[in-house]
Amino acid sequence: MNAAADLRAYRVYDDGAVEPLGPVPTSRLGELLAQAQAAPPERAYGIGLYRDERDFLEARPLGHGAFAFRSERLIRDSLLARLSRRGDALSFSVASVEQAVAAFVCYAGLARDAFERKAADFPKAR
């Protein structure tokens, strides 16, 4: 199974509205992220990819080319690892569109448990 082929994208607006985009090839991610950066403040939005309603990854522009990513942790690991985290949120930030594309490509190319382990190495969102 090709995990990337199973991914669908959406726009999530600051007012809570969600616009499904359907299947999106990774080659279009840079374009979608650049559009999100250029959106007017009154209609700001982020881009998300998902496999199902629980397995998603969203990126929101932070300004100056940076993006904040968020998701929920789906993989439960050791008690010690769970106690060292606050909540079940998975969050990190990147400094550029290129790094945001790389994070999405990593999500698309890895099984969820492998992605969560890899995401632990990404910078934490502030």
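The salt bridge (charged side-chain N to carboxylate O under 4.0 Å, His left out) analysis of residues 26-39, with sequence neighbours excluded, yields the pairs Arg28-Glu31. Pairs engaging residues 60-69 under the salt bridge (charged side-chain N to carboxylate O under 4.0 Å, His left out) rule: Asp14-Arg60 [sequence neighbours left out].
The two residues Leu49 and Ala9 have their closest heavy-atom pair at CD2-CB, 3.7 Å. Shortest non-hydrogen contact noted between Glu72 and Arg112 is O-NH2, 2.5 Å. For Leu57 against Ala103, the heavy-atom pair with the smallest separation is CD2-O, 4.3 Å. Summarising the geometry of Asp55 relative to Asp52, their closest heavy-atom pair is N-OD1, 2.9 Å, with the distance given to 0.1 Å. Across all their heavy atoms, Thr26 and Ala108 have their closest contact at CG2-CB, 4.2 Å. Closest non-hydrogen pair, Tyr45 versus Ala39, comes out as CE2-CB, 3.6 Å.
Side chain of Ser71 to backbone of Phe56: a donor-acceptor contact under 3.5 angstrom is found.
For the residue pair Glu58 / Tyr50, no side-chain donor-acceptor distance below 3.5 Å is found, with atom types taken as modelled.
Side-chain contact between Leu21 and Arg8: absent, with no pair of heavy atoms (C-beta onward) separated by less than 4.5 Å. A 4.5 Å side-chain heavy-atom check between Val97 and Gln37 finds at least one atom pair inside the cut-off. Residues Ile47 and Arg11 meet the side-chain proximity criterion, which asks for heavy atoms closer than 4.5 Å. Residues Val24 and Leu32 form a side-chain contact, since some pair of their non-hydrogen atoms from C-beta on lies under 4.5 Å apart. A 4.5 Å side-chain heavy-atom check between Phe115 and Leu90 finds at least one atom pair inside the cut-off.
Partners of Arg43 according to the side-chain contact (heavy atoms from CB on, under 4.5 Å) rule, which considers only residues two or more places apart in sequence or in another chain, are Tyr13, Asp15, Pro40. Scored by the ring-ring contact (aromatic ring centres under 6.0 Å, His included) test, Phe67 finds no partners at all (sequence neighbours excluded). Qualifying side chain to side chain donor-acceptor pair (under 3.5 Å) partners for Gln99, counting only residues two or more places apart in sequence or in other chains: none. Partners of Ala66 according to the side-chain contact (heavy atoms from CB on, under 4.5 Å) rule, which considers only residues two or more places apart in sequence or in another chain, are Leu62.
With a 6.0 Å cutoff to the six-membered ring centre and a 45° limit on the axis angle, Arg51 counts as a cation-pi contact of Tyr107.
Between Phe122 and Phe92, the distance separating the two ring centers is shorter than 6.0 angstrom.
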